[in-house]
Each structure stands twice: as C-alpha cells, then as structure tokens.
Amino acid sequence: MHLPHGDVEIPAFMPVGTNGTVKAVKHNSVDDMGYTLILGNTYHLYLRPGMEVIKAAGGLHKFSGWKHNILTDSGGFQVFSLAPFRKIREEGVRFRSHVDGAYHEFTPEKVVEIQETLGSDIQMVLDVCTAPGISHKEAVKSLEITSRWAKRAKTRWENCRDDYQGKLFGIIQGNFYEDLRKRSAEEILELDTPGIAIGGLSVGETPEMFRDFLHYTAQFLPEDKPRYVMGIGTPDYMLEAVEAGIDMFDCVYPTRIARNGTCFTLDGNLALKNEKFRLDQQPIEPTCTCPVCQQYSRSYLRHLFKAKEILGPMLVTEHNLHFLHTFMAEVRQSLREGRFLEYKKNFLDRFQKR
RNA sequence: GGGGAGGUUCCCGAGUGGUCAAAGGGGGCAGACUGUAAAUCUGUUGCUUCGGCUUCGAAGGUUCAAAUCCUUCUCUCCCCA
C-alpha cells in the first residue's frame, strides 16, 4: 500500500497510538520492529493537547516524532464507547469531553478538517458504531446516518489543501443484520473512497457472529482497494480476517493486555502474573527473536509486574508488538507462497486463545 | 521511677455486649481486557466430611450471649524524671 510516509506491506497489523503514542513503547522501538503505520485518535488529540498545539508543531508526525504513516480514527468509536455523554443528530454528534466535561460537537466535515490538520496519512470518516442487540430499526437509522456522513466527509475531503495527500476511508456499518451490511457496503462503495473499512465488529458479539459477519461483509469489497477491519487484534481473528481478504487491522488488545501482564506466545496467551511462572527461567516465547525474549525470563517479568515496576508493561508491550509483526510477516510470506490456509491451520492448532 | 496509649484474621487498620468469621486498605491467588475515559477493572482470601469448628496478646471471671465488661499476667509505643 502506498502512502505519503512510505509504503506499507499488507496485510498488516497497526499498533494503536491513541494519544500520539503507542502506550509504553518509544516510537523508535515500534520503528525497529518494522511497523510503518500506526494509529492516532481524532477525538483524544482534539481534546488534548488540542489542535492549536498540533498545528503549531506542524502536524502529528512532527509533534510526536513518528516518521512513518499514521492512520487516524475519526472519533466514531468514541461516539460508541462514550455513549452516556453524547447525542447523535443529523448535523453531527454532540458529546461531553471525558477530560473536563465540556461540550463539543463533531460533524463529518469538521472531523476531516481535524485529520487534515493532524496530517493523517489515512483518515477515517465519522461513523456511528453500534453494539450487538439493537433492533433492525435502530440499526437502519445508524447505517443511514453513517452513509450520509460518509458522503459529506468525502465532499469535504476532496476540498482539502493541495499539499495534503492523506487518503480517506469509508466505514461500513449495518450492525448484525445481513441486509443492512450489504446495503451499507453498497452505499459506502458508491463513494469510491481510496480504502474501505468494516466497522462495528468486535464490539461484544460472539466469535461466531464475528466470523459470520466478517466473511459476509468482506465479500462485497473490491480487491483493488485496501480493506480494513477495525478493532481486531488477536491472532485467531486476524487469520480469519486475512482469509476474508482483509489487508489491515488495528487493536488496543495486544498493548492493553501487555500492560496488564499478559503476553502472546505460540501456545496462546500467557498471564505472567500467575504463580506458576515464579521460577520459570524461560523467555516469554522460546522461539521469539525479539530483544525482550533475548534478555529476560518469565520469572523476572513476573517480578516486575508483581512489584508494579513500569519496565514490566514496557517490555511485554514490546514483545507483543514484535510477536504480531513477526506473525504478520509469516502470514504475508505464506500468501506469497500460496500456502496461507495451511499456515493458518498449523498456527491455530497450536495457538489456543483462552 | 512516674504518667499515658495500645496489642484484632498474612500486614496496616475499623469495630467497644447480640445484626462479627469480624468494615476498609495492602498483600496473596485467580479472571477479564479486541477502531484505548484502561500501567485498568472484577472475583476471591481462617478451617470444614458444609452439620459445624476454631479465631481478635495470655489466663481466669461476669453474662443467656464477649473482639467488646472485670481481674491478673505479658508485650509494644509515647511523654516526664
């Protein structure tokens, strides 16, 4: 995939850096692992430090010191996750800041402008993400607003400054109704944005529903554009997505569980705080080539977490991101060699996520 | 030597006659986490053959009933000399 700050090999996992930082790791480390595309978040950065600060720095890249690509989420997910503090109207969404309670409003146009100021290499349209369990009628309403907002965003994006080269991705919604997923896909594809995202997955549904709606929705997507499933980050979900033709995914999961003491291994998740690792002299994953696994034992890492030392979350975050990067490199290799399904089967046979 | 305060379940610390196996922290153990209001949150934490049993410095006593009241002992801390 070709982006303003360099090419990105796909399919790819993108670490999440909500506040202009992938939590607990330096940009240099993320860079060293091989990542060339990370996320930022419109909602968070707009509220703090605020656009004046980022504008003064000359955009998010310069402000944060990350020299590769940045995809920014639109704030659509916060419309969902911060639901108690928001009100959706045709014009946009009114919400209260989780930082100081102040009222703000996002419109599709304003969100494009913010992301233009951020200098996003990929920006997402403002959408309405919904949880499983809502009625068909409610799902229609959210889908329709999402489509109208996407159209407005596209129009505004086409009028960005000439020197702004960031791409715009539309987002498919439709909740967990096949007819609505199909309809949303059609309406979003019609806008002909440079890339397409599937939103509204991984929002509390069962793995079976995730799988069904992932494959169902993905079938409508064109093969000549980047396809992005938002919000997934476990190896099993990622393999499922790749099989469905998806090129990109992001998730807080790998970095969040790392901060809470859980790491990825080829045999599944491992909760380092568990008593059984007290004397375990092995690295997290014996076959892993990451700097953390070259230097530290499970026993020591467990100690860091029990002692609440900041180094624990840092090291495990680095390992988890390194693990996923290596994993995706292997996935790409298997695709090139035409043996992806075999790779997937072998990987999952060993990796049992608890 | 004189005066004062106090010893509570692994630790700190509430509790001053029954609603107390005993609040709340911490620690321990376990679980959760999927477009980040998350270095967060939740559960659990005397023993048990699930009928009960043992526990609040120790020993005696008062009472239908004591961690709580009385007596003695013991230990700790603070102040004065």
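Every chain is numbered from 1 and lettered A, B, ... according to where its sequence line falls, protein lines coming before strand lines.
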- Query: Can a salt bridge be assigned to the pair A:Arg156 and A:Glu116 using a cut-off of 4.0 Å between side-chain N and carboxylate O?
  - Reply: yes

- Query: Would you say the base of B:G35 and the side-chain of A:Asp127 have a donor-acceptor pair closer than 3.5 Å?
  - Reply: yes

- Side chain of A:Cys129 - closest among B:A37, B:G35, B:G28: B:G35

- Query: Under 4.0 angstrom, heavy atoms only, what part of the nucleic acid is A:Glu309 near: base, sugar-phosphate, or nothing?
  - Reply: nothing

- Query: Is A:Ser81 side chain donor-acceptor paired with the B:U36 base, going by distance under 3.5 Å alone?
  - Reply: no

- Message: Once you apply a heavy-atom cut-off of 4.0 Å, does A:Arg302 come out as touching a base, just sugar-phosphate, or nothing?
- Response: sugar-phosphate

- The nucleotide from B:A37, B:C29, B:C33 with an atom nearest the side chain of A:Glu275 is B:C29

- Between B:C75 and B:A81, how far apart are the C1' atoms? Round to whole Å, please. 23 Å

- Can you find a heavy atom in the side chain of A:Phe220 that is under 4.5 Å from one in the side chain of A:Ile196? no

- Item | Under-4.0 Å side-chain N/O to phosphate OP1/OP2 contact, A:Gln78 with B:A37 | yes

- Per the under-4.0 Å heavy-atom filter, residues of residues 105-122 of chain A near RNA chain B come out as none

- OP1 or OP2 of B:A32 sitting under 4.0 Å from any side-chain N/O of A:Asn269? no

- Are A:Pro49 and A:Ile54 side-chain neighbours, meaning at least one heavy-atom pair lies under 4.5 Å? yes

- Item | Pair A:Glu144 + A:Arg183: basic N to acidic O under 4.0 Å | yes

